[in-house]
Structure formats: C-alpha cells, structure tokens
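Both counts, for ligands and for their atoms, begin at 1 and track the order of listing. Please read these numbers as outputs of a predicted model, since none were measured by experiment.
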Amino acid sequence: MNEHKLHDGTLYWPKTMSFFPTYPSLRERAMTQVAIIGGGMTGAICAATLAEAGIPAVLVEEKRVASASTAANTGLIQFSSDIMVSELADRIGEMDAVAFYAHCSKAVNDLGLLAAAIPQDGGYRSRSSLYCAASDADASKLRREYQMLRRHGLDADWGFPAGVGPAFKARYPAALVTHGDAEINPVRLANGLIAQAARCGVRVYEHTGVANVRKRGDWFVLACDGGEILARTVVRATGYLPGIEGAAESEPNLRRTFALATPPNSVPDEWNRDLMMWETARPYFYFRTTPDGRIVAGGLDEDMPDPSTGERALRERTDKLLAELGALFPGSRFEAEYAWCGAFGESPDDLPFIGEHPEMPGLFHALGYGGNGTVYGMLAASMLVAHLRGETHPLAGLLRPTQVRRTASGEPAVKKAFGV
Ligand SMILES: Cc1cc2nc3c(=O)[nH]c(=O)nc-3n(C[C@H](O)[C@H](O)[C@H](O)COP(=O)(O)OP(=O)(O)OC[C@H]3O[C@@H](n4cnc5c(N)ncnc54)[C@H](O)[C@@H]3O)c2cc1C
C-alpha cells in the first residue's frame, strides 16, 4: 500500500457528497481485456469511456476512489495549458502545438458529454477563462498568444470583459478571455463516472493495491493484495504516486500547491460567475466560483513534494491567498472555510505522459502531469480507445508515455523524493 501523502488540511469537495458509493476488494482471480490501475479522475474517465465503447474492463484502487489528488483538485477545466500555445510552438513547431491545443479543447467538450451522460451532477458547467498578464512583458506574450489562438480558430477575445472591476485593470496590464472551458466538482464527477462504469459492467475494486505487473504469454498478471487480475492491456492511471514494480516509471517533478474555499454566498456581486481567473505569473494565482457562491482559489506553488505543512504554515499560505483575493476585490472581505495543500506533478516538457510504453507493448500510461490533469485524463481515454481499436490517434506521435527523471546518482527522482 502506498503511504505517500498527496494532500493535507481540510478538503472541500468530499463535503459536497451526501453518499459515497463503495466497492468490494478483490478476493479472487479476475480476467478482463483492460485493467485500469487507479480510481482517481483519470481512471474514472478511462473506465466510463471504455464502458461507453463496450470494452470489458476492471478498475482497481488501492484506497477509496477519488480520494487522492482528485480530491484536492480545484476543478478548472481549460484547454490552455501551463505552457502557452505560442511558447509550445517555439519548442515543437506551430502545427504540433496547435494540434495539441485543439485536442485539449475537444477533450473539454468530450468531458462535458461524459458528464451529461450520468445521473449524478458532477458540477460540469461551461465557463470562460480570464487570463491576466502579470507584467508588461507578459502583456506582449499574451497578445501573441491571442493572435495564435485566433489564427487557428480557438475561441478567444482580447481585453477585460465588462464587469471586471478596476482593481484587476490596475494590477494587470492586459488580459484575454478564452471560451469553451468548464468547471467541475472533481469528487462528485469522478464518483459519478465510476458508478456509471460499474452499472455498465466495469468491475470496480477498492482497497486493492497492485503490487506488481508481470507478463505471462499474451497476458499481464497484476498481483493484488487479495487476488490477481489477468488482462490483455494495463492502464497505469496512478497519478503522482511512485511506480509499480514491472509497470515502468514515468516520473513527475513534484511540487506542492495551496488552495482554499470561502463560505457560501461570498462571491462579490460584481463578479461574473461564468468566468474563471488565472494569470501569466508562475506560479500563478487563480480562482473560480461554485454553485453555492463560494470562491475556490489557489496558487503559491513550492518546490517541495510533501504536502504536510503543519497548521501554522498552512494558515500563513491561506492568508496570502485571501490577501490576493482581497486585492482584486477591495470592497469585500474574505475568509477560508476550507484550506488545503496538495502535491502536484509536472513533466519536464509540460506535456502529459500518455501512450503505450515502447518497451512494454500493452502497458498504456495515462499520467496527466501538469495543471490540466483532468483534461489530460480525457485525452488519455480517447487515445486509449483509439489504441485498442488499432487506430493511430493524431497525438500519438507527439505525446510520450514515459520519461524517467534521474538524480545525479542515477536514482529515479520521485522515489528519492518519497524516500522509498
Ligand atoms: C491543489 C490542487 C489543485 C489542482 N487543480 C487542478 C485543476 O484545477 N484542474 C486540473 O485539471 N487539475 C488540477 N490539479 C491536478 C489534478 O488533481 C490531477 O491532475 C488529477 O486529479 C489527477 O487525477 P489522477 O486520477 O491521475 O490521480 P489521483 O487522483 O491521484 O488518482 C490516482 C489513484 O491511483 C491509485 N493508485 C496508485 N497506485 C496504485 C496501485 N499500485 N494500485 C492501485 N491503485 C493505485 C491512488 O490511490 C489514487 O487514488 C490540481 C492538483 C492540486 C494538488
């Protein structure tokens, strides 16, 4: 069992659940076409997508579904990544960068279709994003970004929309608005997708950790706590947790980040709740609202993998986030009803690790490192289905399934960070 902590403090989303569906642990041998390891948002999206495609699958989760990084997620679903499309174009060429952004935009939409197909309200609501330039230099970068987005048909407007108050304009020299984004309640949505997958025949097991994965002929054998699974394809949707023996490493650069939720009915009247806000500074400050009128805000990333901060440090960071909010809405006073810290993984090239492992045919990585993990989870599910159907997904040549970051002594960096 992985004992590594992915969050600390008081989380908001689990409090919005009146009932948590539960699943048995594995006590036998199960055979299936696809075994998904990990019951977070990525595993949930993969399970629901496979169920919809009629592909037999088993999902195993070593703790409770949607309780790891998914529970700390602030639920902003944006087609724009931590790296601007114009910056990505400088690195990998405009055609590939735009193809990546276009597929992320499609993924936001696909997630909306999945969310609409389940009876539970997973909080998926279409939103636009206000992207603010943190400096004059960033204003020119943002202008270039806007031009590239528009040139390729990605929906964006230049400037502050009506209703955005003077404090924003005093602080940020420029802004653009992207359309076609969304917000979710990650815990409700992941639980809803897994419940839907289970209704459609996906076998779901909780409290069932996969200790190792071995190849036996054409089958993968997954050794679990209470039994084993035989599968033709294995999907590694384990988030930021260290690898499983035999399932190959893909190491994120681990940091920690902070978030809070204000009490209900605390959104200032002047704010347009259809907007989510973020900025070009790195790390960035961001916020969104919830249906009951809370603000969920986050930022202040730190170069430490362990989210256990202690009460005092969490209070200090929470006060800083509240001060950021207060500066943008000088007429309002804010407090935090919930405040938490979460571990957060980034890939060295800002792209997710998705695809079949080159040295282990049949092992599919769905590791959406970066601030857009949910969108990458949806992208992974679409690429998985294409892979299982023998089709070549347009992003298959661009996204790599793996990259191990090693320390100077040659040790995988994430193992060192976690001390395992
Ligand atoms: C504060 C914060 C804010 C964030 N905000 C956003 C946001 O606004 N938008 C966004 O898209 N992303 C955001 N993220 C990132 C997001 O949380 C993650 O990208 C996403 O939740 C990852 O989902 P996942 O399913 O890949 O991982 P997880 O939710 O961590 O799920 C992985 C699961 O795999 C299980 N597992 C691991 N190893 C095994 C094993 N050996 N056997 C069985 N099960 C195993 C774990 O127990 C876990 O439940 C945020 C993250 C943090 C910390």
Closer than 4.0 angstrom, basic N to acidic O: yes or no for [X] and [Y]?
{"X": "Asp292", "Y": "Arg294", "result": "yes"}
{"X": "Asp350", "Y": "Arg91", "result": "yes"}
{"X": "Arg150", "Y": "Asp157", "result": "yes"}
{"X": "Arg255", "Y": "Glu302", "result": "no"}

Over 60° means perpendicular and under 30° means parallel, so tell me whether [X] and [Y] are parallel, tilted or perpendicular.
{"X": "Phe329", "Y": "Phe287", "answer": "perpendicular"}
{"X": "Tyr338", "Y": "Tyr12", "answer": "tilted"}
{"X": "Tyr376", "Y": "Phe100", "answer": "tilted"}
{"X": "His103", "Y": "His393", "answer": "tilted"}
{"X": "Tyr240", "Y": "Tyr369", "answer": "tilted"}

Geometric N/O contact [X] with ligand 1, under 3.5 angstrom:
{"X": "Met41", "value": "yes"}
{"X": "Thr74", "value": "yes"}
{"X": "Glu62", "value": "yes"}
{"X": "Thr208", "value": "no"}
{"X": "Leu76", "value": "yes"}

Check [X] against ligand 1 and report side chain, backbone, both or neither, counting heavy atoms closer than 4.0 Å.
{"X": "Pro186", "answer": "neither"}
{"X": "Tyr240", "answer": "side chain"}
{"X": "Trp278", "answer": "neither"}
{"X": "Ala237", "answer": "backbone"}

Closest to [atom] among [options] (heavy-atom distance):
{"atom": "atom 42 (N) of ligand 1", "options": "Ile36, Val210, Leu6", "value": "Val210"}
{"atom": "atom 25 (O) of ligand 1", "options": "Thr42, Leu11, Leu111, Thr374", "value": "Thr42"}
{"atom": "atom 47 (O) of ligand 1", "options": "His7, Met276, Lys63, Glu61", "value": "Glu61"}
{"atom": "atom 29 (O) of ligand 1", "options": "Val60, Ile37, Thr70", "value": "Thr70"}

Ring centers of Phe364, His357 separated by less than 6.0 Å: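 They do not qualify: ring centres at least 6.0 Å apart.
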Carefully, step by step, assess Thr309 and Phe258 under the rule side chain to side chain contact (heavy atoms under 4.5 Å, CB included). CA-CA 10 Å; Thr309 53; Phe258 295 85; 3.6 Å; yes
For [X] and ligand 1, answer yes if some heavy atom of the residue is under 4.0 Å from a ligand atom, otherwise no.
{"X": "Gly377", "result": "no"}
{"X": "Ala72", "result": "yes"}
{"X": "Gly209", "result": "yes"}
{"X": "Tyr369", "result": "no"}

Which atoms of ligand 1 have any heavy atom of [X] under 4.0 Å away?
{"X": "Tyr286", "answer": "3 (C)"}
{"X": "Gly342", "answer": "53 (C)"}
{"X": "Ala343", "answer": "53 (C)"}

Sidechain-backbone polar pair: Arg232 side chain, Trp219 backbone, donor-acceptor under 3.5 Å: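 Checked: no pair found.
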